[in-house]
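This is a predicted model, so every value here is computed, not measured. One is the number of the first residue; the rest follow in order along the sequence.
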Amino acid sequence: MTMPPEGAPPPTPTKKVPVKLIVAAALVALAVTFILQNRQTVDIRVFTTTISGPLWAALTGVLILGVLVGLLLARGGRRGKREHPPGYGPRRSWRGG
């Protein structure tokens, strides 16, 4: 590491912006744009009931239901873990090493 010349201000450390923060900011911007473009009121019929509300709220509700169903189905598939078939795993040398 080299030292700065005397009298020079110390170098300022540079901070890298995490990729997760950039993705989160992009998703928030996308959500805000979606809400602003879908503010009109719509009638939603569920069986015999009619509900009036903003389109963005209805679509967000359906998205949340879809995510919940996906999570429930994904968890159900992980229950029956099978053991690996014979011969699965690291190969062994015929010399026993």
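Residue Ile22 comes nearest to Val17 through the heavy atom pair CG1-CG1, 3.8 Å, listed as atom of the first residue, atom of the second, then distance. Closest approach of Asp43 and Ser52 over heavy atoms only: OD1-OG, 2.6 Å.
One distance of note links CG of Leu68 with CG of Leu63; it measures 9.5 Å at 0.5 Å rounding. Of the inter-residue distances, the one linking Ile35 atom CD1 with Leu55 atom CG reads 11.5 Å to the nearest 0.5 angstrom. Interatomic distance, Leu59 CG to Ile64 CD1, rounded to the nearest 0.5 Å: 11.5 Å.
No chain of hydrophobic side-chain contacts below 4.5 Å, direct or via other Ile, Leu, Val, Met, Phe, Trp or Tyr residues, connects Leu27 to Val67. Phe47 and Leu65 fall into different hydrophobic clusters, where Ile, Leu, Val, Met, Phe, Trp and Tyr side chains are chained together by heavy-atom contacts under 4.5 Å. No continuous path of hydrophobic side-chain contacts links Trp56 to Val62 [ILVMFWY only; heavy atoms under 4.5 Å].
Just one residue in the list Thr48, Ile44, Thr50 forms a side chain to side chain contact (heavy atoms under 4.5 Å, CB included) with Val46, and that residue is Ile44.
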